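Start at 1 and go down the list; that is how both ligands and their atoms are numbered. The analysis underlying the following values was restricted to heavy atoms, covering all of them including side chains, and did not include hydrogens, waters or symmetry mates. Every value quoted in this text rests on a predicted model; they were computed, and no experiment measured them.
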Amino acid sequence: MKKIVTVVLAALLAATLLACTGCGNTQSVENIQKNGELIVYTNAEFAPFEYISGGKPVGVDIDICQKIADELGVTLTVENVDFDIIVSSVQSGKAALGAAGMTVTDERKESVDFSISYTTSTQYVITSEEFEVNNIEDLKGMQIGVQLGTTGDFTVSDEINGYEDDEGNPVTGVLQDSGAEVITYPNANLAAEALKAGKISAVVIDQLPAEIIVQNNSGLHSTELLYPDGSTTTEEYAICVAKGNDSLMEVVNKVLQELLDDGTIEEYIIHHSTEAVVE
Ligand code: ARG
């Protein structure tokens, strides 16, 4: 009897495991069209790429995803979630696409595939108007706010904790042992509120979101984050898709290429950069 139970259990376990090998592939073009729905995960606290207007997520990434849904002939469903769960949700197949002003990084590439890049950015630092930041060294000893799990978070954390270069050799961070601390927030708008309340001294986030936060909040200003040698960070934004979901990737890249070629993405950026500023 015991043996039978074990065999049955083992068979059940094998079936579950087998079913799950296909987990990341449930969002194939075929299945999306069968379900009539393209599910996109974003974090709508990152204008102009995504922000809430009229109670729902809008922005550059949403416009792009609408075009992808149109191309597939399905309805677009946008879910507003925490930024740091987007990659794993695309990986597990909960979402077909992650579109969130997301920077292509080697670490993320281990979990998902990235489309062609549709724009670039650099990190910016927001401070109160009285505090002038010439380069990252001016942030020594400061409390620095970032959005959890973003490249701004990684950049600041690396400089505080030290990191490894491409060959695996340890590098001392510019802010190491200076008393500087990284404070993580669910999004950059909350970090900016903490900045205005005097709880932190700076916020590090991508360029356009930083500039829009400054326009929407009096008493703040922003500047590009420079290293002591004058260099900057550079980042490529792309849409992420489950690893190996090539049929969907092909559609995403085709739509992106068209929107890049005819200047539509540039138009979306200009349009939403104006729209996202509250009078
Ligand atoms: N580009 C940065 C990154 O990929 C920040 C993206 C934040 N996006 C968002 N929708 N909140 O880490």
Side-chain angles (χ1 to χ4, degrees), residues 39-53 56-66 76-91 94-95 97-126 144-159 163 182-195 202-214 216 222 224-225 232-241 256 265 268-269 272-273 275-276:
I39 301 171
V40 174
Y41 273 24
T42 196
N43 171 255
E45 299 277 357
F46 198 69
F49 296 97
E50 40 271 332
Y51 55 104
I52 299 291
S53 175
K56 61 175 194 349
V58 298
V60 176
D61 287 318
I62 317 304
D63 288 350
I64 293 172
C65 289
Q66 184 60 58
L76 174 66
T77 302
V78 179
E79 302 279 358
N80 187 16
V81 302
D82 285 340
F83 181 76
D84 67 325
I85 69 149
I86 296 176
V87 166
S88 60
S89 304
V90 169
Q91 185 181 27
K94 264 192 212 140
L97 305 178
M102 191 180 285
T103 303
V104 179
T105 69
D106 287 341
E107 206 187 341
R108 290 173 183 160
K109 273 204 247 172
E110 286 173 15
S111 312
V112 287
D113 286 345
F114 281 100
S115 70
I116 58 169
S117 156
Y118 58 92
T119 193
T120 58
S121 184
T122 65
Q123 290 299 310
Y124 261 53
V125 47
I126 311 173
I144 308 161
V146 296
Q147 180 179 17
L148 178 68
T150 59
T151 44
D153 180 2
F154 307 148
T155 302
V156 174
S157 299
D158 278 357
E159 297 305 338
Y163 54 98
V182 66
I183 318 283
T184 56
Y185 293 88
N187 63 66
N189 293 321
L190 289 174
E193 272 174 36
L195 175 62
V203 175
V204 173
I205 192 79
D206 305 40
Q207 176 180 7
L208 294 180
E211 290 179 336
I212 289 174
I213 285 173
V214 166
N216 283 336
S222 72
E224 188 167 30
L225 186 71
T232 64
T233 57
T234 30
E235 308 186 10
E236 303 270 349
Y237 286 2
I239 292 176
C240 67
V241 171
L256 280 175
I265 291 191
Y268 288 163
I269 292 174
H272 287 290
S273 295
E275 283 295 295

Keeping the roles fixed (side chain from T120, backbone from E236), state whether a donor-acceptor pair exists under 3.5 Å.
-> no

Heavy-atom gap Y237 to ligand 1 smaller than 4.0 Å = yes

Proximity flag F49 to ligand 1, non-hydrogen atoms under 4.0 Å | no

Among [options], whose heavy atom sits nearest [atom]?
atom                    : options         : result
atom 11 (N) of ligand 1 : N43, I86, D61   : N43
atom 3 (C) of ligand 1  : I205, D82, T151 : T151
atom 5 (C) of ligand 1  : D206, T105, V81 : D206

Protein residue, atom and distance nearest to atom 6 (C) of ligand 1, heavy-atom basis | G101 O, 3.4 Å

L225: which of V156, I205, T122, T155 passes side chain to side chain contact (heavy atoms under 4.5 Å, CB included) = T155

Audit row: F49, H272, ring-ring contact (aromatic ring centres under 6.0 Å, His included) steps and yes/no | CA-CA 8 Å; F49 296 97; H272 287 290; 9.4 Å; no

Only heavy atoms of [X], strictly under 4.0 Å: list the atoms of ligand 1 that pass.
X    : value
R108 : 3 (C), 4 (O), 12 (O)
Q147 : 7 (C), 11 (N)
A100 : 6 (C), 7 (C), 8 (N), 9 (C), 10 (N)
E50  : 10 (N)

Just by distance, no angles: are the side chains of [X] and [Y] close enough, under 3.5 Å, to form a donor-acceptor pair?
X    : Y    : value
N43  : Q147 : yes
D206 : Y237 : yes
Q123 : Q207 : no

Heavy atoms, side chains only, cut-off 4.5 Å: are T77 and V40 in contact?
-> no

